[in-house]
Amino acid sequence: MGLKETSRIKSFGGTTRFYSHRSEACDCDMNLAVYVPPQAEAAPVPVLYFLSGLTCTEKNFIEKAGAQRYAAEHGLMLVVPDTSPRGVNLPGEDEAWDFGSGASFYVNATQEPWAKHYQMYDYVVQELPSLIKSSFDVKGDRAGICGHSMGGHGALICGLKNPDKYASVSAFAPIAAPSQCAWGQKAFTGYLGSDPQLWADYDATELIKSHQDAGSKFGSILIDQGEADQFLKDQQLLPETFAAACQQANQPLTLRLQPGYDHSYYFIATFIGDHIRHHAAVFSV
């Protein structure tokens, strides 16, 4: 099923657009935002996917991060999907902010009742890129992927598992070792079951550990982490655990600890220009 445009706003010479469509992977209607830069009027442009965090929709990043300015400067299309299926009437889907609606953790759920609709990994990696390629004139077979918090976790696992699909990866305050934190353990148990061995396929730290010399297959990863982030202090993010695994596996990583910054979109808006330049540099080669 194709994209149905619901609104369009002029922005930095391009357009910010909102769409809905019927998802085969999630068996429900899904929403997404797309920023089409002005360069797209003349030639195909590369794509950067952004995965948002817990409680977010397709609107948070596109409305708060100020990313359109930099996407227009560098000629990148931004694609921002919703963070989960919505309104599929599953028991308990709206009872917790960190599980169910707005909290898919970008996995393919295997446990009932979530397995029917919560196939967000396949949605992000397979269905969404196919939909974008059929709807827009985009450049190349590989895209960039970025995300924040739960979406940073999603960006890391999608990139690490699919270097043939993603040429560049970055993240803001990602949940970098979900098997070792309360957020990840709750989500993985609910979506994937209680066996921790089944979680490793969706854990960036475990993926790095299982791919020695990953750097020979995948480029450098950029991570920004605010040092005043309450969730860093609560041991939910664990960037140092991921960094240690990257060092052991020879995976190039730039981990920048930003003094005074928290987990909010003020933090993202401050450094989003650096991240878009990180991705644009790959596509300019």
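As the structure is a prediction and not an experimental result, all values here were calculated from the model.
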For the [atom1] atom on [X], are there more than 12 heavy atoms of other groups (residues, nucleotides or ligands in this structure) within a distance under 6.0 Å?
| X | atom1 | answer |
| --- | --- | --- |
| Q197 | CD | no |
| E41 | CD | no |
| E227 | CD | yes |
| D141 | CG | no |
| K139 | NZ | no |
| R256 | CZ | yes |

Closest contact, heavy atoms only, [X] versus [Y]:
| X | Y | answer |
| --- | --- | --- |
| T241 | A177 | CG2-CB, 4.1 Å |
| A67 | L78 | CB-CD1, 3.7 Å |
| F283 | R142 | CE2-O, 3.3 Å |
| S23 | M30 | CB-CG, 3.6 Å |
| I145 | A155 | CG2-O, 3.7 Å |
| L237 | L232 | CD1-N, 3.6 Å |

Sidechain-backbone polar pair: [X] side chain, [Y] backbone, donor-acceptor under 3.5 Å:
| X | Y | result |
| --- | --- | --- |
| W199 | G193 | yes |
| N162 | D164 | no |
| H278 | V169 | yes |
| D122 | Q119 | no |

Task: Any M120 side-chain heavy atom under 4.5 Å of P85 side chain - done: yes
Open item on the list: Quick one, T6 and Y19 - any side-chain contact, counting heavy atoms below 4.5 Å?
Closed with: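 SC-SC contact between T6 and Y19 ruled out.
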TODO: Report the C-alpha separation of H279 and C146 in whole Å, then their side-chain angles, then the decisive distance to 0.1 Å, and conclude whether the side chain to side chain contact (heavy atoms under 4.5 Å, CB included) test is met.
DONE: CA-CA 9 Å; H279 293 278; C146 180; 3.9 Å; yes
Centroid separation [X] to [Y] less than 6.0 Å:
| X | Y | result |
| --- | --- | --- |
| Y118 | F105 | no |
| Y70 | H275 | no |
| F267 | F172 | yes |

- [ ] Using a strict 4.0 Å threshold on nitrogen-to-oxygen distance, state whether K186 and D98 make a salt bridge.
- [x] yes
Open item on the list: Under 4.0 Å between a side-chain nitrogen and a carboxylate oxygen: does that hold for R22 and D27?
Closed with: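 Result for this pair is yes, salt bridge flagged.
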- [ ] Could you give me the CA-CA distance, side-chain angles and deciding distance for K161 and D201, then say whether side chain to side chain contact (heavy atoms under 4.5 Å, CB included) is met?
- [x] CA-CA 9 Å; K161 289 161 64 71; D201 202 38; 2.9 Å; yes
Task: ring pair (Phe, Tyr, Trp, His ring centres under 6.0 Å) contacts in which one or both residues fall within residues 32-57, not counting sequence neighbours - done: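 Output for this query lists F50-F61.
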Task: Selection residues 222-247 - residue pairs positive for ring pair (Phe, Tyr, Trp, His ring centres under 6.0 Å), sequence neighbours left out - done: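 For residues 222-247: W183-F231, F231-H263.
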Open item on the list: If hydrophobic clusters are built by linking Ile, Leu, Val, Met, Phe, Trp and Tyr wherever their side-chain heavy atoms come under 4.5 Å apart, do Y266 and I272 end up in the same one?
Closed with: no
Open item on the list: Is there a continuous path of hydrophobic side-chain contacts, each under 4.5 Å between heavy atoms, that joins L238 to L253?
Closed with: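 Result: no, two separate clusters.
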TODO: Could you walk me through whether R86 and T83 pass the side chain to side chain donor-acceptor pair (under 3.5 Å) test, one step at a time?
DONE: CA-CA 9 Å; R86 304 276 176 176; T83 53; 3.3 Å; yes
Task: Geometric cation-pi criterion, K4 with F18: 6.0 Å, 45° - done: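 Geometry flag: not set, cation outside 6.0 Å or 45°.
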Task: Aromatic plane relationship, Y191 with F99 - under 30° parallel, 30 to 60° tilted, over 60° perpendicular - done: parallel
TODO: For side chain to side chain contact (heavy atoms under 4.5 Å, CB included), just list the numbers for E240 and Q225, CA-CA rounded to whole Å, side-chain angles, deciding distance to a tenth of an Å, and then say yes or no.
DONE: CA-CA 10 Å; E240 70 284 354; Q225 173 63 61; over 6 Å; no
TODO: Kindly write out the residues that satisfy side-chain contact (heavy atoms from CB on, under 4.5 Å) with S135, not counting sequence neighbours, or none if the list is empty.
DONE: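 Per chain and number, S135 pairs via side-chain contact (heavy atoms from CB on, under 4.5 Å) with L3, L131.
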- [ ] Give the intermediate values and the outcome of side chain to side chain donor-acceptor pair (under 3.5 Å) for residues D94 and S101.
- [x] CA-CA 6 Å; D94 296 319; S101 295; 2.7 Å; yes
Task: Criterion side chain to side chain donor-acceptor pair (under 3.5 Å) on H21 and D29, from CA distance to verdict - done: CA-CA 6 Å; H21 74 100; D29 292 337; over 6 Å; no
